[in-house]
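Quick note on labels: first sequence line is chain A, next is B, and so on, each numbered from 1. Keep in mind that the numbers below use all heavy atoms, side chains included, and drop hydrogens, waters and symmetry copies.
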Number of protein chains: 2
Amino acid sequence: MSRASDQAYARIRAHVLSGAVKPKEQLTEDQLAQITGFSRTPVREAVRRLEDELLLVRSESKRLFVADWSRDDIEEMFTLRQMLECHAAERAARRLTAAQVADLEAVNRTLREAIEQPEPDVARFLEANRRFHDAVLDAAHSPRLGQMLGRLVEAPVVLRTARSYSLDDLRQSARDHDELIAAFAARDPEWARAVMGSHLRRAFHTFAKTVGPATGNADGEV
Amino acid sequence: MSRASDQAYARIRAHVLSGAVKPKEQLTEDQLAQITGFSRTPVREAVRRLEDELLLVRSESKRLFVADWSRDDIEEMFTLRQMLECHAAERAARRLTAAQVADLEAVNRTLREAIEQPEPDVARFLEANRRFHDAVLDAAHSPRLGQMLGRLVEAPVVLRTARSYSLDDLRQSARDHDELIAAFAARDPEWARAVMGSHLRRAFHTFAKTVGPATGNADGEV
DNA sequence: TGAACCAGTATTGTATACAAAATGCCCGCG
DNA sequence: CGCGGGCATTTTGTATACAATACTGGTTCA
């Protein structure tokens, strides 16, 4: 991750997420080259990755813009993530070793420590949460699933929204993880799938409350 | 699709699928530039797309190889495709207009004509089949779903295996499409999902018969 | 007035040269 | 004979110049 294109990727992503450029605004490769300090070649590589994640989009004539996601887009992302990650949980339940289950328990302990203290450490929570889900995905042992979920989870909605979680929400996440671990220990794929499903679906509704009700039409941009 | 990188993509893809290079063989960007007649810049763009489709893979040190898919890899692809396309069928059932249903009927008529003649035209069947599934995906109106399925369906397994379908298999496909259309006309998402599921799962088993039984371990390369 | 065209500019696409990194080979040493 | 170090070669990564394409604004003509 030390190649120029990787750094360019990280910097452009941060730049967009910081809000310095707004949705639907145009970006040019030259601009991004100046901002990142690299030439257009690695910038193009980075931009292509960000296009894959749909953080940037191109017009029909190949001009580059910051994507603006509608509420429906975001619901779609949550739904797809749920579908894929439920599948991952089911596969993981069939494959996880006792040692891997123990690892998950350790990660979830860390996650709890991050929130069960005077001043909850949301960043640490998010990091532990990411590791937890990564471990499940890893155990599913399905490279294409990993690739697809990577694009969805990278999606910055998760980061933006996590800030709005209440302490109760975070605690419920930890409990969900506990139950998931129980399902894994019991080697029960259906249980694992169901827990993962409700875990992620609740996350969506927590998010939806902060954004506003469903629209059905095309407004409700974020 | 007339840019150099697009042509390079098509040529490299054809070159690999032709079997001129075998799985696990190394390719270099220079080689591919010579083969395609373009410079390395568009070749690198094309190679990245083929990496996304997992037709090409890179070693940990960034050297480029032709992927070799195990039977488990292929089963995974079929499973993921089934999962995603069932979801697409469900969404389509909620959204398809009467005109779109009529279009699907027309496409399926074409598909039948291709096989119900003295000398079945498999290429025409495949083309109609692709259009049918594309129309369903379109109606699902979910860009990320489309992106993901695109990568899976592009995967050449489908093409390689379709040749081994018997006439009965092709006829069954047409009947599946009929039932799917009925489900759409009835606006019944669950029905549509179920039909799509059995349609694709049968395709997997038809394929599996030609390749051999499940392995469980890592052999069974194709 | 307004629509079509033309030139100038902005932006993306491609080729090429060079830099960095990895691999493999060969030689010396134990 | 084995094996470790280092140079030569291969291969990928980056910068830059140029080509092709798309946009913008203004001008002309009906």
Side-chain angles (χ1 to χ4, degrees), chain A residues 1-16 20-68 143 147 150-151 154, chain B residues 1-16 20-68 143 147 150-151 154:
Chain A
M1 288 293 278
S2 60
R3 286 179 356 268
S5 63
D6 292 321
Q7 290 180 250
Y9 166 83
R11 292 186 197 178
I12 295 170
R13 187 171 191 276
H15 186 245
V16 171
V21 288
K22 283 176 286 187
K24 188 58 192 166
E25 261 183 48
Q26 183 174 3
L27 294 172
T28 71
E29 296 172 355
D30 263 320
Q31 251 176 58
L32 295 175
Q34 287 185 334
I35 290 174
T36 61
F38 298 106
S39 82
R40 272 182 57 215
T41 308
V43 163
R44 277 172 68 87
E45 170 93 19
V47 161
R48 188 185 178 288
R49 283 167 64 186
L50 291 162
E51 283 180 74
D52 266 353
E53 296 171 9
L54 297 182
L55 194 63
L56 302 180
V57 295
R58 282 191 189 272
S59 70
E60 73 288 342
S61 62
K62 307 298 182 179
R63 273 166 164 69
L64 192 65
F65 298 90
V66 178
D68 60 335
Q147 188 187 43
R151 287 199 183 83
E154 269 301 312
Chain B
M1 289 297 277
S2 60
R3 288 181 354 270
S5 64
D6 291 321
Q7 289 180 250
Y9 166 82
R11 291 187 197 176
I12 295 170
R13 189 171 190 276
H15 185 246
V16 170
V21 288
K22 282 175 287 187
K24 186 61 192 165
E25 261 184 47
Q26 184 173 4
L27 295 172
T28 70
E29 296 173 355
D30 263 320
Q31 252 176 55
L32 295 174
Q34 288 185 333
I35 290 175
T36 60
F38 300 105
S39 81
R40 272 183 56 215
T41 308
V43 163
R44 277 172 68 86
E45 172 91 20
V47 162
R48 273 183 315 196
R49 283 168 64 186
L50 291 163
E51 283 180 75
D52 266 353
E53 296 170 11
L54 297 182
L55 193 64
L56 302 180
V57 295
R58 282 190 188 272
S59 70
E60 73 290 339
S61 62
K62 307 297 182 178
R63 273 168 163 69
L64 193 65
F65 298 90
V66 178
D68 61 333
Q147 189 188 42
R151 287 200 183 85
E154 269 302 312

(request) Just do the side-chain contact (heavy atoms from CB on, under 4.5 Å) check on A:Arg3 and B:Lys62 with the steps written out, would you? (result) CA-CA 12 Å; A:Arg3 286 179 356 268; B:Lys62 307 297 182 178; 3.2 Å; yes
Taking atom [atom2] of [N] as reference, at what distance in whole Å does atom [atom1] of [X] sit?
{"X": "B:Arg40", "N": "C:dA17", "atom1": "CZ", "atom2": "P", "value": "12 Å"}
{"X": "B:Gln7", "N": "C:dA15", "atom1": "CD", "atom2": "C1'", "value": "15 Å"}
{"X": "B:Glu45", "N": "C:dG13", "atom1": "CD", "atom2": "P", "value": "8 Å"}
{"X": "B:Gln34", "N": "C:dT16", "atom1": "CD", "atom2": "C1'", "value": "15 Å"}
{"X": "A:Gln26", "N": "C:dT9", "atom1": "CD", "atom2": "C1'", "value": "13 Å"}
{"X": "A:Asp6", "N": "D:dT12", "atom1": "CG", "atom2": "C1'", "value": "13 Å"}
{"X": "B:Phe38", "N": "C:dG13", "atom1": "CZ", "atom2": "C1'", "value": "12 Å"}

(request) Determine, for A:Arg48 against A:Glu45, whether the closest basic-nitrogen to carboxylate-oxygen distance falls under 4.0 angstrom. (result) no
(message) Under 4.0 Å between a side-chain nitrogen and a carboxylate oxygen: does that hold for A:Arg49 and B:Glu51?
(response) no
Nucleotide nearest [X] when distance is taken to its side chain, options [options]:
{"X": "A:Arg3", "options": "D:dT14, C:dG13, C:dA22", "result": "D:dT14"}
{"X": "A:Arg63", "options": "D:dT14, C:dT12, D:dT11", "result": "C:dT12"}
{"X": "B:Lys62", "options": "D:dT12, D:dT14, C:dT11", "result": "D:dT12"}
{"X": "B:Leu64", "options": "D:dC23, C:dT12, D:dT12", "result": "D:dT12"}
{"X": "B:Glu29", "options": "D:dT12, C:dT16, C:dT12", "result": "D:dT12"}
{"X": "B:Asp30", "options": "D:dA22, D:dA15, D:dT12", "result": "D:dT12"}

Classify [X] by what it touches in the nucleic acid, base, sugar-phosphate, or nothing, heavy-atom distance under 4.0 Å.
{"X": "A:Ser61", "result": "sugar-phosphate"}
{"X": "B:Leu32", "result": "nothing"}
{"X": "A:Thr28", "result": "sugar-phosphate"}

(request) Please round to the nearest 0.5 Å and tell me the distance separating atom CG of A:Leu27 and atom CD1 of A:Ile35. (result) 7.0 Å
(request) Kindly compute the distance separating CD (A:Gln147) from CG (B:Asp52), expressed to the nearest 0.5 Å. (result) 5.5 Å
(request) Find which nucleotide of DNA chain D each of A:Ser59 and A:Gly37 is nearest to by heavy atoms, and output the residue with the more 5' nucleotide. (result) A:Gly37
(request) On DNA chain D, check which nucleotide each of A:Thr41 and B:Arg58 is closest to and give me the residue with the more 5' one. (result) B:Arg58
(message) Please determine whether a side-chain nitrogen or oxygen atom of A:Arg44 lies at a distance below 4.0 Å from atom OP1 or OP2 of C:dT12.
(response) no
